Number of protein chains: 2
Amino acid sequence: MVTMRDVAQRAGVSVATVSFVVNGSKPVRDETRERVEEAMLALGFHRNPLGAALARRGHTRIIAMLYPALERPLTPTAVAFFTGASRRAREQGYDLVMWPIGNDAEQVAVLARTGLVDGVLLMEVQLEDPRVDALRTAGVPFAMIGRTAEPEGIGYVDIDFAATTRDAVARLHALGHTRIAFVAGSEPGYQHAARTRAESAYRTAVTEIGGPATVIRVDESPAAGRALGERILTDHPGTTGVVILNEHAAAGLLIGLAHAGTSVPRDLSVVSMSTSAYMAEMAEPRLTYLRAPGAELGEWGVDALLERILSPDHAPRQRLLACEYVAGDTLAPAPAGAGAWAGA
Amino acid sequence: MVTMRDVAQRAGVSVATVSFVVNGSKPVRDETRERVEEAMLALGFHRNPLGAALARRGHTRIIAMLYPALERPLTPTAVAFFTGASRRAREQGYDLVMWPIGNDAEQVAVLARTGLVDGVLLMEVQLEDPRVDALRTAGVPFAMIGRTAEPEGIGYVDIDFAATTRDAVARLHALGHTRIAFVAGSEPGYQHAARTRAESAYRTAVTEIGGPATVIRVDESPAAGRALGERILTDHPGTTGVVILNEHAAAGLLIGLAHAGTSVPRDLSVVSMSTSAYMAEMAEPRLTYLRAPGAELGEWGVDALLERILSPDHAPRQRLLACEYVAGDTLAPAPAGAGAWAGA
DNA sequence: CTGAAAGCGCTTACAG
DNA sequence: CTGAAAGCGCTTACAG
């Protein structure tokens, strides 16, 4: 391994000077700099970040993205978070790695104490997220993609699930739908913040248009979607519209509906929230959906995190993004005569 | 930050002794050990891995999984690799992170030189993979999930694509199919090793049963699958069976076939190779498939890598796994009268 | 503008 | 069984 000492020797300067050149941390005379650079090139020097990190008390220029839900496949949206974040981090001279650890505070604390990462980006945030306290206690800078119930003082970027849900309901209502069900994921003991906010916005919106609130939970899997599709109109007769926040189950839902003889969108309209083009194309008919801005969330999440790392005294960056509507083949006017709600 | 010095001071011993206790690297008298342990507990000491790594010339007990294809969503199979590998690494006292870097040698070389990881696990291996040379040059231990054209001397674990392909063709042939097409992914300038081996096994197998070899490439996306389904029987009339190695396109293929009025499996049988239950359920009808042993691959990949790290002189571990057949709803006897091939 | 030196937190021959 | 000391590769006040 080529060290700074080797470079210093060859260039006839001290290791301090080499360090100044490498980091641009102090002005160096042009002629000296050139000698150092020449030596680095000739020797193939690359600074050892371990030594650098130790000397500067821990800064590694690595940030970790914590993704807990690795039992399920990553949605295209999650992958887009990751690639967006990764690109942005690299632009800023940081490396971003995905660290697959569970949701419990203990594992997060261990990671934090290792000192191997300068900051942490949290995904799949819950309303009350134990990781937040763990990171606070450990004093590790962090930001969230998503947000807890009370995100005051924490940097985050999140989808505006309330606005997105209102949009979904409004689009159905504009086509005459009033009996609209809401389908979301179900993990026991897991208060996914996005789902909670969307569900509450749904209840408000559907009440405003005079319809009943019907909330359905299914596992995040194609099989669960299929099963739901086969029974949804039996369980909830009269429903003409579905807003679904469960990307893993959406395609299966349409398959199950077809099995049950329900024609989409003639008999039932479906709008899928926080979805990707990939998943829309996976479904038949193609989903009408609200596109999750995955890459943007990743990029801005990194920005929010770097702000915490570099300017801990600034107010944290907080930002909400709405999903954009993308027309597909699962939204149509409510069937004639279905508009009036005959009671529960 | 609590350091070894703090612990040593409190316990009335030297930092060396603390280190011996922490690492179990030398015998320590029980009574001394207890004092040290008590001090560590009281102070909440956790060894700083940066210092440790530097002192022992670089060992961080972190291994990186390199996954280049982050433009597409991760398949459930890829996620299973990752979780399997992650679990196994943790069992062995290592942390595994996913490092999203491109396929080019330069980025790999940079990562290698940072000294931040003890070893590297390569995914999405190409026949001639530039990363292999980069890692060899850098002297970083590595193993592959997948394998290059000439994997001699490199640890790996891979799916036995030749055997799996033969199996797929044989199962179709047993039901009277002889005109069997092979559908795989297409990325320009990218010699995916799995695809190449499967394709060559397909050509041999299909020739042996007296059928024509029809190789079709489509992008790895649901949309490309749809488009192919709509034209496949027009482009390749008389085909009664399809073996597909393209998990992202398989569900779309079935959708496209339905659009074209082709009934699966009555008119056309489909067997999907190296697939997961998740993707099988995404498709309608449910795919008949050969299950990719994702978690096992990940675990054994880590084993192969740790072997390289810990016993560089041992012969590298190399292992092939076959995919297991899972019955679904896309395989049926060839349509009557379709058995004979009337020529190209 | 440049250098000598201390120090980051740990490990590990070497002595005893 | 335990300790004093050198060293891992780098950064950074402090002098000059």
Side-chain angles (χ1 to χ4, degrees), chain A residues 1-37 39-40 43-62 93 110 112-118 138-139, chain B residues 1-37 39-40 43-62 93 110 112-118 138-139:
Chain A
M1 168 170 265
V2 183
T3 74
M4 277 195 176
R5 250 217 337 223
D6 303 323
V7 174
Q9 216 149 26
R10 186 180 226 264
V13 299
S14 73
V15 293
T17 303
V18 177
S19 175
F20 300 155
V21 170
V22 169
N23 300 296
S25 43
K26 281 197 185 177
V28 172
R29 201 147 44 100
D30 278 359
E31 195 257 332
T32 313
R33 176 203 315 288
E34 275 160 26
R35 279 217 316 282
V36 171
E37 279 168 348
M40 293 200 299
L43 264 32
F45 169 77
H46 295 276
R47 152 151 120 311
N48 179 330
L50 245 43
L54 191 57
R56 62 162 88 97
R57 282 122 206 245
H59 288 197
T60 58
R61 296 186 81 85
I62 296 180
V110 169
R113 282 189 304 247
T114 64
L116 240 27
V117 300
D118 286 357
Chain B
M1 167 169 266
V2 184
T3 72
M4 277 194 177
R5 250 211 342 215
D6 303 324
V7 175
Q9 216 148 29
R10 187 182 226 265
V13 298
S14 74
V15 294
T17 303
V18 177
S19 175
F20 300 153
V21 169
V22 168
N23 301 296
S25 43
K26 283 198 187 177
V28 172
R29 200 147 44 99
D30 278 359
E31 195 256 333
T32 314
R33 177 202 315 288
E34 274 160 27
R35 281 217 316 283
V36 172
E37 279 167 349
M40 294 199 300
L43 264 32
F45 169 77
H46 295 276
R47 151 151 120 311
N48 179 331
L50 246 44
L54 191 58
R56 62 162 87 100
R57 284 124 206 239
H59 288 197
T60 59
R61 296 187 80 86
I62 296 179
V110 170
R113 282 190 303 250
T114 64
L116 240 28
V117 299
D118 287 356

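Proteins get letters first, then strands, A, B, ... in listed order; numbering begins at 1 in each. Note that the structure is predicted; figures quoted are calculated from it, not measured.
Comparing atom distances between the B/Arg47 side chain and each of D/dA13, D/dT11, C/dT11 picks out C/dT11 as nearest. Taking the side chain of A/Ala52 as heavy atoms from C-beta on, and the options D/dC1, C/dT11, D/dC10, the nearest nucleotide is D/dC10. Of the listed nucleotides (C/dC1, D/dC10, D/dC1), C/dC1 has the atom at the smallest distance from the side chain of A/Pro27. Comparing D/dC10, C/dT11, C/dG9 by their nearest atom to the side chain of B/Asn23 picks out C/dT11. You'll find that the side chain of B/Leu54 is closest to D/dG9, out of C/dT11, D/dT11, D/dG9. Picking from D/dC1, C/dT12, C/dC14 the nucleotide with the shortest atom distance to the side chain of B/Ala16 gives C/dT12. Considering only the side chain of B/Thr3, C/dG9 comes nearest among D/dT11, D/dA13, C/dG9. Of the listed nucleotides (D/dC10, C/dT11, D/dT2), D/dC10 has the atom at the smallest distance from the side chain of A/Phe45.
The phosphate of C/dC1 (OP1 or OP2) has no side-chain N or O of A/Arg33 nearer than 4.0 angstrom. In terms of phosphate contacts, A/Arg5 brings no side-chain nitrogen or oxygen within less than 4.0 Å of OP1 or OP2 of D/dC10. For the OP1/OP2 pair of D/dG3 and a distance below 4.0 Å, the side-chain nitrogens and oxygens of B/Ser14 include at least one atom meeting the criterion. The phosphate of C/dT11 (OP1 or OP2) has a side-chain N or O of B/Ser19 nearer than 4.0 angstrom. The side chain of A/Thr17 places an N or O atom within less than 4.0 Å of a non-bridging phosphate oxygen (OP1 or OP2) of C/dG3.
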Show me, pair by pair, the donor-acceptor contacts under 3.5 angstrom made by side chains of residues 20-28 of chain A, not counting sequence neighbours?
{"residue": "A/Asn23", "atom": "ND2", "partner": "A/Ser19", "partner atom": "O", "Å": "2.9"}
{"residue": "A/Asn23", "atom": "ND2", "partner": "A/Ser19", "partner atom": "OG", "Å": "3.2"}

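Taking atom CE of residue A/Met4 and atom C1' of nucleotide D/dC8, one finds them 14 Å apart after rounding to whole Å. Rounded to an integer number of Å, the gap from NZ of B/Lys26 to C1' of C/dA15 is 10 Å. Per the geometry, CZ belonging to B/Phe20 stands 11 Å off C1' belonging to C/dC14, to the nearest Å. The CD atom of A/Gln9 sits 15 Å away from the C1' atom of C/dG3 (whole-angstrom rounding). For the pair B/Arg35 CZ and D/dT2 C1', the interatomic distance rounds to 11 Å; values are reported in whole Å.
A/Ala52 and A/Arg47 make their closest contact through CB-NE, 3.8 Å (heavy atoms, listed as atom of the first residue, atom of the second, distance). Residues A/Ala8 and A/Val15 come closest through the heavy atom pair CB-N, 3.7 Å. For A/Arg35 against A/Gly12, the heavy-atom pair with the smallest separation is NH2-O, 3.9 Å.
Screening A/Val2, A/Val36, A/Asp6 for a side-chain contact (heavy atoms from CB on, under 4.5 Å) involving A/Phe45 leaves a single residue, A/Val2.
Backbone-only contact: A/Val13 has heavy atoms under 4.0 Å from sugar-phosphate atoms and none from a base.
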Which dot-bracket string describes DNA chain C (Watson-Crick N1-N3 plus N6-O4 or O6-N4, or G-U N1-O2 and O6-N3, all under 3.5 Å; [ ] crossing; | other strand)?
|||.||||||||.|||

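Only the P atoms considered, D/dC14 is 24 Å distant from D/dC10, to the nearest whole Å. Comparing the C1' positions of D/dG16 and D/dT12 gives a spacing of 16 Å, expressed to the nearest Å.
Judged by closest nucleotide on DNA chain D, B/Arg29 is the one of B/Arg29 and B/Gly51 placed further toward the 5' end.
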